[in-house]
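All chains are named by letter (A, B, ...) in the order of the sequence lines, taking the proteins before the strands, and each is independently numbered beginning at 1.
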Amino acid sequence: MLAAVDWHILWQRIFHPDHVFVLALWRTIYISVSAQVLGVVLGLIAALARMSRIAPLRWLSGLYVLIFRGTPVIVQIFFVYFGANLLFGFTLIPNSVNFGLFTMDGAAFAGIVALGINEGAYMREIIRAGIDAVDKGQMEAARSLGMTYRKAMRRIVLPQATRFIVPPLGNEFNNMMKTSSLVFFIGVTELFGDAEIRYSTTFKPVEYFLAVAFWYLVLTSVWSVIQAQIERKLAVSERGDELSFRERVFQAWAPVAAWGRGAR
Amino acid sequence: MSSNGFVMSAQDVHKRFGRLEVLKGVSLNVSRGEVVCVIGPSGSGKTTFIRCINHLEKIDGGRIEVNGHLIGYRERSGKLVEDTEPSIARQRAEIGMVFQRFNLFPHKTALQNITEAPIQVRGVPKGQATKEGEALLARVGLAEKRDVYPGKLSGGQQQRVAIARALAMKPALLLFDEVTSALDPEMIGEVLDVMKGLATDFQTTMIVVTHEMGFAREAADRVVMMDDGQIIEEGTPEHFFLEPREERTKQFLSKILI
């Protein structure tokens, strides 16, 4: 069985990727990052709307989550890209979007918008839970000092909520990098699309999909490391601990060392 | 200073949580520089009452004025309507509050806790706020803890920083909500000492919800006994120690003065 695998192709895909592949990798990265950023922004707005005193804002926020968490992302992507055109006969997303400094492929832009809106629905819950997890006394203390709700939220509550938001946010972004492969279905050649195209011209699915799995694994692993760093930073500022990296490693291994001594 | 001369004036304040009426018409006037201790069994409404003074709780009846300004409400054609948020925030800036559980901002250093509101609310330049903040830290005996985060401070130290934080806004009135109740016994003294200093050396107007009768005896001008949502007895600390009038006061005092 394994003999059927063309190891050379796999090797090439992993160690000598060509520039077409690198471009596809770059697309996956910028689509995921932009969509996640959009998702966090929308999620924050929706979370604040959910806690608003104005009832229609709360309803709107609920409707948003209901719709975008309750329908498949792929359907949402199709609707954003084709929907306006088919329904109302105008082009919502042009073929290429000009941002001044650079232009972006229209389909990629539509993908970012759709993935971002979908992500926002999930981020709303995460951000709301994070805000809820901050001790109520913090808001009271801030307001007793004369801060308005907005200022207290921005300066006191949200910075503390971040610590509760980042771990699930990391999960979300990990998911996002993989889910972004769906934009291939509106014609964006990102990592998955690149593999799909090559396999359909070479009929070597195993090699190309193994390689693409490897690259997704690289992306998610790099992110895990970054996320751990961010969480460590947040924990430090919260506790006021100033442990060095070496002390941390030592602390992490201390139980193992103790166990080792016990075993002897 | 208001026309009637009181820093804080509460008249017939009512407050209910659902069906439960926790304040049943509380009236209290506090003059400038006066230290008033509010005592009473738990559930008597004393904490709720001082939380109403800076509008952390809305009141259902009566009125509260601080420096002659109606708190939390605005009079519109004879009726009281709740004030706008920025206006309430401005009023709160004049009323300092120290909480039972300190509520320091854990993501900010001791100094940043103190300078945050002056910079963000009053627009004091950072350099000046820092200088004043350092002076306040020194006053509560924590000058060397300037750059330490609350998580690294003891309960007593945290509460002293919290007092300094409230003082940084130069409030006309300071509210203390059972500020020593969450402290280990050996740390209560250091916090009370700071409060005594404020009362005697700085003539700060203070309303102190407390069970510390020792503090009341040394620093209070007046003691107010609350029970069941009402003020049932008022007098000098001596009055309460020597000849409390009400039966419920006697019972309560016999429990806390062992």
Side-chain angles (χ1 to χ4, degrees), chain A residues 44 48-49 51-55 57-58 127 129-167 169 229-244 247-248 251, chain B residues 50-51 53-57 82 84-110 112-123 145 147-153 158 161-162 165-171 173-175 177 182:
Chain A
L44 180 60
L48 293 173
M51 297 184 298
S52 166
R53 274 199 283 185
I54 304 159
L57 283 181
R58 294 200 300 270
I127 291 172
I131 291 173
D132 277 348
V134 176
D135 180 21
K136 298 287 166 287
Q138 292 293 309
M139 179 55 95
E140 286 191 349
R143 300 187 84 179
S144 78
L145 287 163
M147 290 191 205
T148 56
Y149 176 83
R150 279 176 79 143
K151 192 159 265 178
M153 192 49 98
R154 193 164 51 82
R155 299 280 313 174
I156 305 301
V157 177
L158 283 179
Q160 294 181 59
T162 317
R163 204 166 64 101
F164 303 107
I165 293 170
V166 164
L169 170 68
Q229 286 293 319
I230 296 173
E231 283 176 28
R232 194 172 70 89
K233 276 241 164 67
L234 287 171
V236 169
S237 65
E238 187 88 357
R239 284 200 314 274
D241 274 357
E242 308 294 343
L243 285 188
S244 69
E247 284 170 314
R248 261 166 218 292
Q251 271 197 352
Chain B
I50 66 163
R51 286 167 60 85
I53 296 175
N54 66 356
H55 202 60
L56 281 180
E57 304 286 355
E82 190 165 23
T84 60
E85 216 229 321
S87 169
I88 295 172
R90 269 194 300 279
Q91 293 176 333
R92 286 201 185 107
E94 308 302 322
I95 307 168
M97 186 160 196
V98 185
F99 299 85
Q100 185 177 3
R101 311 257 347 272
F102 330 133
N103 296 352
L104 287 180
F105 307 136
H107 60 305
K108 297 190 178 291
T109 63
Q112 287 167 346
N113 262 278
I114 297 169
T115 58
E116 175 73 10
I119 294 171
Q120 291 296 325
V121 177
R122 292 242 199 270
K145 300 292 184 187
D147 299 319
V148 177
Y149 286 89
K152 289 268 165 173
L153 296 172
Q158 288 191 53
V161 173
R165 177 176 72 173
L167 287 173
M169 293 296 282
K170 305 190 176 82
L173 169 68
L174 262 182
L175 307 172
D177 181 14

key: Heavy-atom pair with the smallest gap, counting every atom of A:Thr148 and B:Pro86   = CG2-CA, 4.3 Å

request  = Against chain A, work out which of B:Ile95, B:Leu104, B:Ile88 has the most heavy-atom pairs shorter than 4.5 Å and name it.
outcome  = B:Leu104

message = On a heavy-atom basis, which atom in A:Ser144 and which in B:Asn54 lie closest, and how many Å separate them?
response = CB-ND2, 3.7 Å

inquiry  = Minimum heavy-atom separation for B:Met169 and A:Leu145, please, with both atom names.
reply    = CE-O, 3.3 Å

note = Residue pairs meeting salt bridge (Lys or Arg N to Asp or Glu O under 4.0 Å), one or both in residues 86-100 of chain B, sequence neighbours left out, come to B:Glu94-B:Arg122

key: Flag side-chain contact, heavy atom, 4.5 Å: A:Glu140 against B:Arg101   = no

key: Contacting moiety of A:Ala152, where chain B heavy atoms sit under 4.5 Å   = neither

note = The reported gap from CZ in A:Arg163 to NE2 in B:His107 (rounded to nearest 0.5 angstrom) is 11.5 Å

ask   = Charged N to carboxylate O under 4.0 angstrom, A:Arg143 versus B:Glu85?
value = yes

key: Atom pair CD (B:Gln120) and NZ (A:Lys151), whose distance is rounded to the nearest 0.5 Å   = 5.0 Å

query = Going by residue number, which parts of residues 130-138 of chain A are within reach of chain B, meaning a heavy-atom gap below 4.5 Å?
reply = A:Asp135, A:Gly137, A:Gln138

request  = Heavy atoms only: give me the nearest A:Ala141-B:Phe105 pair and the separation to one decimal.
outcome  = CB-CE2, 4.0 Å

